[in-house]
Chemist: 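After the structure tokens below, expect a handful of questions from me.
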Number of protein chains: 2
Amino acid sequence: MAQARRASERREEALSRERIVDAAIELLDAEGENGLTFRALATRLATGAGALYWYIANKSDLLVAATDAVVSRALGEVVASATPQQAIRSIAVGVFETIDAHPWLGAQLSRAPWRTPMLQIFERIGRQVQALKVPSGAQFTSASALLSYIVSVSIQNAANGRLLEPRVGRADFLEAESTRWRELDAHEYPFTRNVAAQMREHDDRAEFLAGIDLILTGVAAAGS
Amino acid sequence: MAQARRASERREEALSRERIVDAAIELLDAEGENGLTFRALATRLATGAGALYWYIANKSDLLVAATDAVVSRALGEVVASATPQQAIRSIAVGVFETIDAHPWLGAQLSRAPWRTPMLQIFERIGRQVQALKVPSGAQFTSASALLSYIVSVSIQNAANGRLLEPRVGRADFLEAESTRWRELDAHEYPFTRNVAAQMREHDDRAEFLAGIDLILTGVAAAGS
DNA sequence: ACCTGAACACCGTTCAAGT
DNA sequence: ACCTGAACACCGTTCAAGT
């Protein structure tokens, strides 16, 4: 509520909730969820750990604020599309890439699925489901299935991404994993052995979108 | 490697990896992931915290072992079905209910998606995809989409379940949340407001299965 | 009003010392 | 070989004391 003119000449030294949240996002991106400690954050902001508690109730409050900020910025960047199907794919890719860039979002969205970020994504998907002329009684279910798939699979994907040690390239990892699959017990894992080659060639983002298309096919069939 | 006859007359006092893992599962179920500490586990087993490190490398190792044990027991209980579609629904419900009963599984499966438990579920789904006569080039994608949806949405659902304070009943919670939806800003949340009534009546398990059916429809369409 | 930093009550993990 | 429990290096959070 302070004067608006102050906003543009914000000083490096002044502590504020916004500066704390931005610093927290940087720390989370750089060091992961475990890297965000009140001590590290205080050092980065050249203050004491206790000072942060003047603006932030606790660590959970800080993570909620960081999540809200990142998701609403990301949704602002999703652009309009020609068809509802294309629009849903755009939203899906936007969510996928945002969570991939900020993997700590996963735990947050999982922990607080009724909060603003999830509602915002749900609303965006729902409008397109409506545009697809899905019967009104099926709209909630269609939008829910899409939301669940988009958010949950994006979270899983981002978790996978962190498994790779930076040393090993993705191609090497897939090669090794595919070999492991091919060498599984023939009686216990016939199917997995069978698709080992397809696994080696697969692209996570493409598989993610293929899943969206399977659901969109189902949604279209339910409408007719 | 001790004599087999010892197994049946296992004494309460003897520490073993298996006893530690079983106690860890009980602690996780009762107190959640934060309730599992080496001190609490040691107290429960009437020993010192350090003793556990003779059998368990670290906390992560312990969580992996607990996850393997619970998932393989659960998959053992899924029974045969008349059609591949029914079999996939059975596997889905089995995973859904197991994660619901042991919500700490979520974080574990997310953290280690290439380990045995995920492979076991993938294999079970894949065999049914094969039975559906999906063209071999599309089998990996179909099974992956189903696996992703089943595991990820089950995890999300279990997380939701823990949000409710035991005080509030599910019906009251849905009622309150539905009201909140109906009172959202009309310009920002037109769709969400629209489906507020459907949200109030919805059943998580039914919505989960409806999503499976949408994907199965898509999978069937891809095959023809 | 806002900030400091020591203090408290926890963690996971290690390790010398016991049996 | 197996177990004990004190010790170490961390956490999040509180709070008396400062400005």
Side-chain angles (χ1 to χ4, degrees), chain A residues 1-3 6-7 9-28 30-67 104 107-108 111-112 162, chain B residues 1-7 9-28 30-67 104 107-108 111-112 162:
Chain A
M1 281 299 124
Q3 309 89 311
R6 273 291 149 91
E9 53 184 335
R10 199 179 57 198
R11 291 159 63 196
E12 272 293 300
E13 301 83 32
L15 218 46
S16 70
R17 187 174 165 91
E18 198 197 349
R19 276 198 68 215
I20 295 172
V21 170
D22 282 342
I25 293 172
E26 282 171 31
L27 249 178
L28 284 163
E31 315 281 345
E33 193 152 351
N34 287 339
L36 179 65
T37 70
F38 278 80
R39 283 167 182 81
L41 194 54
T43 302
R44 204 183 186 95
L45 291 164
T47 183
L52 304 174
Y53 282 87
W54 190 261
Y55 301 93
I56 307 288
N58 49 46
K59 188 165 181 176
S60 163
D61 177 36
L62 180 57
L63 286 163
V64 165
T67 304
W104 49 271
Q108 280 322 108
R111 210 166 292 162
R162 275 176 302 177
Chain B
M1 279 297 128
Q3 308 89 311
R5 59 185 161 83
R6 274 290 149 91
E9 53 184 337
R10 198 181 58 196
R11 292 159 63 196
E12 270 295 299
E13 300 84 31
L15 220 45
S16 72
R17 188 175 166 90
E18 197 197 349
R19 275 197 68 215
I20 294 172
V21 170
D22 282 342
I25 292 171
E26 283 170 30
L27 248 178
L28 285 162
E31 315 280 344
E33 192 153 351
N34 287 339
L36 179 65
T37 70
F38 279 79
R39 283 168 183 81
L41 195 53
T43 302
R44 204 181 186 95
L45 292 164
T47 183
L52 305 174
Y53 283 87
W54 190 261
Y55 300 93
I56 307 287
N58 50 45
K59 189 166 181 176
S60 163
D61 178 36
L62 180 56
L63 285 163
V64 165
T67 303
W104 50 270
Q108 279 323 108
R111 211 166 291 162
R162 274 176 302 176

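Here is the naming used below: chain letters follow the sequence lines, and residue numbers restart at 1 for every chain. Just so you know, these numbers come straight off a predicted model, no measurement behind them.
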Chemist: With sequence neighbours excluded, what pairs up with B/Asn58 under the side chain to side chain donor-acceptor pair (under 3.5 Å) test?
Modeler: none
Chemist: Once Watson-Crick and G-U wobble pairs under 3.5 Å are found, how is DNA chain C written in dot-bracket notation, 5' to 3', with | for any base paired to another strand?
Modeler: ||.|||||...|||||.||
Chemist: What integer distance in Å separates A/Leu45:CG from C/dG5:C1'?
Modeler: 16 Å
Chemist: Output a table of nitrogen or oxygen pairs between the protein and nucleotides 13-15 of chain C separated by less than 3.5 Å.
Modeler:
from	atom 1	to	atom 2	distance (Å)
C/dT13	OP2	B/Tyr53	OH	3.0
C/dT13	OP2	B/Lys59	N	2.9
C/dT13	O5'	B/Tyr53	OH	3.3

Chemist: Check side-chain contact (heavy atoms from CB on, under 4.5 Å) between A/Ala51 and all other residues, then give those that pass, not counting sequence neighbours.
Modeler: A/Leu15, A/Thr47
Chemist: Could you tell me which residues satisfy side-chain contact (heavy atoms from CB on, under 4.5 Å) with B/Thr37, sequence neighbours excluded, listed by chain and number?
Modeler: B/Arg39, B/Ala40
Chemist: How far does CG of A/Leu62 sit from OG1 of A/Thr67, to the nearest 0.5 angstrom?
Modeler: 9.0 Å
Chemist: For B/Glu31, give me all partners under salt bridge (charged side-chain N to carboxylate O under 4.0 Å, His left out), at least two apart in sequence or on another chain.
Modeler: none
Chemist: Going by side chain to side chain donor-acceptor pair (under 3.5 Å), name the residues that satisfy it together with B/Arg17, two or more places apart in sequence or in a different chain.
Modeler: B/Asp61
Chemist: Output the distance between atom CG (A/Leu52) and atom CG (A/Leu41), rounded to the nearest 0.5 Å.
Modeler: 5.0 Å
Chemist: Rounded to the nearest angstrom, tell me the gap between atom CZ in B/Arg17 and atom C1' in D/dC2.
Modeler: 16 Å
Chemist: Using whole Å, what does the distance between atom C1' of nucleotide C/dT19 and atom CG of B/Leu15 come to?
Modeler: 15 Å
Chemist: Whole angstrom is fine here: how far is it from CD in B/Glu33 over to C1' in C/dC11?
Modeler: 14 Å
Chemist: List the residues meeting side-chain contact (heavy atoms from CB on, under 4.5 Å) with A/Glu33, not counting sequence neighbours, and say none if there are none.
Modeler: A/Leu63, A/Trp104, A/Ala107, A/Gln108, A/Arg111
Chemist: Contact class for B/Leu36 vs. all strands (heavy atom < 4.0 Å): base, sugar-phosphate, or nothing?
Modeler: sugar-phosphate
Chemist: Please list all pairs meeting ring pair (Phe, Tyr, Trp, His ring centres under 6.0 Å) that have one or both residues in residues 32-63 of chain A, counting only residues at least two apart or in different chains.
Modeler: A/Phe38-A/Tyr53
Chemist: Does B/Trp54 place a side-chain N or O at less than 4.0 Å from the phosphate oxygens OP1/OP2 of D/dC3?
Modeler: no
Chemist: Grab the CD-C1' distance between A/Glu31 and D/dC11 for me, whole Å please.
Modeler: 16 Å
Chemist: Could you tell me the separation between the CG atom of B/Leu52 and the P atom of D/dC2, rounded to a whole number of Å?
Modeler: 14 Å
